[in-house]
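In what follows, a structure is listed as structure tokens, so that the remarks can point back to it.
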Amino acid sequence: LWFSLWNGRQFIRASAPVSCPAGGRLYHLREAPDGSLWCVGIGTVVRWNRQAGKWTLYPQLPPPQGTDKQGRVWFSGEGRVVIQADGHFQTLAPGKFQALSEAGQAMIWDRARNELTVTDPQNPALRTTVETGCNTIDSIKSGKNGDFWILGQDQDGNGVVAHYENGKTK
């Protein structure tokens with residue numbers, strides 16, 4: 001695996017090659033706020049630092065889910081949520097990642113407590129329970145203003161649309 005750049009006439013190699021597991025396929029590519037490129041494949045998470053021109057393998061990381069305005073990169077998979085900020089990784093309490101706002105709040109399903117939680121934008125290790133009125137949750141979408149839209153059903157099977165903003169559900 002290596003990156004190539006178009007010079008106006010042809011593609012030229014821009015990075016050194018990095019070895020990936022045999023039969024591995026990449027299915028996700030994201031640019032982080034620092035300009036590095038993260039590649040995710042089956043059993044593979046690698047980062048290419050454009051400025052330094054070097055690859056770093058992260059076999060222990062789940063796939064990236066997005067970035068926030070604070071420059072953090074969020075990773076999630078198999079009930080794990082990990083954040084990379086300022087060159088350091090922080091593993092949050094177990095949970096199923098649901099959605100991320102640009103402001104840096106994540107909706108996470110806490111399986112142990114069987115409830116939906118939202119992280120604090122300044123300290124993602126802190127979570128608050130989110131009251132939705134839903135017995136089951138079908139999907140959660142982040143809005144443009146740091147808010148979340150939660151779609152699900154109540155205990156009678158009726159459709160519910162809940163709006164979470166500024167610490168309150170409407």
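Numbers here are sequence positions counted from 1. If you're wondering where the values come from, they're calculated on a predicted model, not measured in any experiment.
Nearest heavy-atom pair across Q90 and A125 is NE2-CB, 3.6 Å. The shortest heavy-atom contact between C134 and I150 is SG-CG2, 4.3 Å. When every heavy atom of G133 is checked against every heavy atom of V160, the shortest pair comes out as O-CG2, 3.9 Å. Considering every non-hydrogen atom in both P62 and G77, the closest pair reads CB-N, 3.4 Å. For A85 against R72, the heavy-atom pair with the smallest separation is CB-CG, 3.6 Å. Listed here is the closest heavy atom pair of D68 and Q70: OD1-N, 2.9 Å.
Taken together through direct or relayed side-chain contacts under 4.5 Å among Ile, Leu, Val, Met, Phe, Trp and Tyr, V82 and L92 form parts of separate hydrophobic clusters. One hydrophobic cluster holds both L37 and V46 under the rule that ILVMFWY side chains link at heavy-atom gaps under 4.5 Å.
A ring pair (Phe, Tyr, Trp, His ring centres under 6.0 Å) check over residues 69-96, counting only residues at least two apart or in different chains, returns the pairs W38-F75, Y58-F89. Sorted by first then second residue, the ring pair (Phe, Tyr, Trp, His ring centres under 6.0 Å) pairs that include residues 90-121, not counting sequence neighbours, number zero. Legend: side chain to side chain donor-acceptor pair (under 3.5 Å) pairs involving residues 136-150, not counting sequence neighbours, sorted by first then second residue: T136-Q153, D138-Q153, D147-H163.
R127 contributes no side-chain N or O that, together with a main-chain N or O of L116, makes up a donor-acceptor pair within less than 3.5 Å. In this structure, Q65 contributes its side chain and S76 its backbone to a donor-acceptor pair below 3.5 Å.
Partner F148 forms a side chain to side chain contact (heavy atoms under 4.5 Å, CB included) with one of V130, T169, I140, T132 and no other, that one being I140.
Separation of atoms CD1 (I12) and CG (N7) is listed at 5.0 Å; rounding is to 0.5 Å. Taking CD1 of I108 as the start and CD of E115 as the end, the distance is 12.0 Å to the nearest 0.5 Å.
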If you look only at distance, which donor and acceptor atoms sit under 3.5 Å apart when one is on a side chain in residues 99-106 and the other is two or more places apart or in another chain?
{"from": "S101", "atom 1": "OG", "to": "A103", "atom 2": "N", "distance (Å)": "3.4"}
{"from": "S101", "atom 1": "OG", "to": "G104", "atom 2": "N", "distance (Å)": "3.4"}
{"from": "S101", "atom 1": "OG", "to": "Q105", "atom 2": "N", "distance (Å)": "3.1"}
{"from": "S101", "atom 1": "OG", "to": "Q105", "atom 2": "O", "distance (Å)": "3.4"}
{"from": "Q105", "atom 1": "NE2", "to": "T119", "atom 2": "O", "distance (Å)": "3.1"}

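The salt bridge (charged side-chain N to carboxylate O under 4.0 Å, His left out) check on R111 picks up nothing, with sequence neighbours excluded.
By the neighbour-count criterion of 12 heavy atoms within 6.0 Å, atom CG of D86 is sparsely surrounded, having that number or fewer from other residues, nucleotides or ligands.
In the hydrophobic clustering (ILVMFWY side chains linked at under 4.5 Å, chained through shared members), F11 is joined by W6.
Here R80 does not pair with E78 in a salt bridge; the nearest charged N to carboxylate O distance is not below 4.0 Å.
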